[in-house]
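Below is one structure, written out as structure tokens, with a few remarks after it.
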Amino acid sequence: TLVAVESAAGGGQTAPTHGAQNMEQMRRDPNAPVDPSARTAVSGQTSDLPVYERREEFQEGNPDPWVYLSHPFVGGELSHSKANDQFEILRYGGRGGLHLNRNLQLSAEYFESRIEQRIRPRWNAITYDREDLESYTFKALKREARGRLSYRTSGGLVLSGSLGMAELDFDYDEDDLFDTDFEDEVGSGTFSYDNGSTDVIGDLSASWSPRDNLSLYVFYARDLVMSAVKQYTSDSVGAVARWKPSDTWHVNLRSQYWSYEDDNALFLIQGESFWEVSQDLGVWLGLDLSSVSSSDPSDYYWTPYWDQRIMGVLRYLQAWQGYSFRLDLLAGLQREDARPLRREDDVELSSKADWDYALGVSSTFNRRLTSYLDLFVDANVMALRDYIDHRFLFGFNLGF
């Protein structure tokens with residue numbers, strides 16, 4: 001489910017996690033002014049007082065200043081994904097920023113996504129041959145730029161917000177649609193698109209750990225719907241909870257709801273549970289349950305209908321300071337319900353799929369090469385009955 005969700009649901013980026021992750025992993029500057037509210041120790045300056053004076057005197061520290069520019073960084077990402085036998089997406093871009101003081105970070109990011117989308121129109125009023133449903137291929141370039149501000153409180157709560165602009169540049173015009181009967185809505189008889197128009201995007205998120213064994217992440221995001229045919233905006237809210245009942249049992253829960261500009265909606269719910277079976281070998285066994293569904297069908301973006309998956313997971317995990325590696329082997333079952341029909345003639349278009357086998361592999365690799373350079377790789381492949389989804393991502397973070 002995650003390959004399709006991360007690639008094609010909403011704007012294709014389901015959780016604005018970078019700000020929170022970067023603040024959590026921030027390296028402290030030993031030469032920075034003292035933060036009186038900090039809970040973790042930092043290396044201080046060597047006192048210039050002789051030994052006998054230290055017994056009766058002390059040096060007063062400077063108050064934590066509002067502006068102390070430090071920790072400039074740059075980063076980049078490159079990803080390629082194929083999802084739902086419909087989308088092929090190449091996404092690339094970078095980000096950079098710095099800390100305004102010990103707890104406040106300012107950054108900017110720019111990304112482009114080259115989208116190729118193949119559709120076989122079924123639910124809109126498009127002339128088709130039932131025996132050979134015609135397909136169309138569309139291409140578009142999505143550009144997005146935003147600024148981000150992240151703040152970490154003394155209690156460990158990380159707040160992050162971004163604001164920016166995004167646009168879709170479609171690789172077609174009205175002449176290319178002369179022989180089709182595309183419609184904005186079924187029965188409307190009209191089709192319009194805003195090529196190159198710009199929309200406001202952004203997100204708000206909060207990440208905190210109320211207990212040592214529980215971490216929570218909630219967010220709101222506004223983005224453009226992943227489509228190479230029409231430009232819609234989406235608003236989404238989501239939450240992720242990670243609970244560790246014990247050192248050998250981990251539970252993850254995730255949910256998200258998208259509301260689309262055309263009054264459609266999409267919902268995801270996922271639960272994972274992992275049990276450690278060998279600490280020495282780093283082997284875990286897990287169960288992954290998920291379901292994703294949209295309210296209404298559309299030919300212009302991804303609209304699954306009660307896509308349900310039950311997956312068993314064999315996990316190998318190794319992690320220590322500056323290094324982590326995870327490899328998951330997945331095997332299970334997947335099905336999708338038949339969407340309710342508009343008319344009796346649509347019986348062949350309901351897309352029902354009974355339970356069938358699904359196989360997959362997922363892996364992440366993070367390595368700190370130097371004190372300031374981190375590399376990360378993320379790879380996911382899922383084989384279903386008719387097609388194979390994949391998503392590969394490579395990126396780096398470089399601090400100064």
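These numbers were taken from a predicted model, which means no experiment stands behind them.
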Kindly indicate whether the side chain of S113, heavy atoms from C-beta on, has any atom under 4.5 Å from the side chain of L141. no
For the rings on W275 and H250, is their centre-to-centre separation under 6.0 Å? no
Looking at E6 and R91, is there a salt bridge between them, counting it only when a charged N and a carboxylate O are closer than 4.0 Å? no
For the residue pair V381 and S362, establish whether any side-chain heavy-atom pair is separated by less than 4.5 Å. no
Verify ring-ring contact (aromatic ring centres under 6.0 Å, His included) between Y323 and F325, making sure each step is shown before the conclusion. CA-CA 7 Å; Y323 172 86; F325 176 75; 7.2 Å; no
Compute whether any side-chain donor of one residue and acceptor of the other, for Y92 and E112, lie under 3.5 angstrom apart. yes
Does the side chain of L149 come within less than 4.5 Å of L104's, by heavy atoms? yes
Can we call the ring centroids of Y232 and Y301 under 6.0 Å apart? yes
Before we go on, tell me: are the rings of F392 and H390 under 6.0 Å apart, centre to centre? yes
Under a 3.5 Å threshold, yes or no: a donor from one side chain and an acceptor from the other, between D199 and Q231? yes
Using the rule that two of Ile, Leu, Val, Met, Phe, Trp, Tyr join whenever any of their side-chain heavy atoms come within less than 4.5 Å, decide whether Y136 and V229 are in one cluster. yes
Heavy-atom distance under 4.5 Å between the side chains of D223 and T233, does that happen here? no
According to a hydrophobic-cluster definition based on side-chain heavy atoms being under 4.5 Å apart (Ile, Leu, Val, Met, Phe, Trp, Tyr only), do I201 and L168 belong together? no
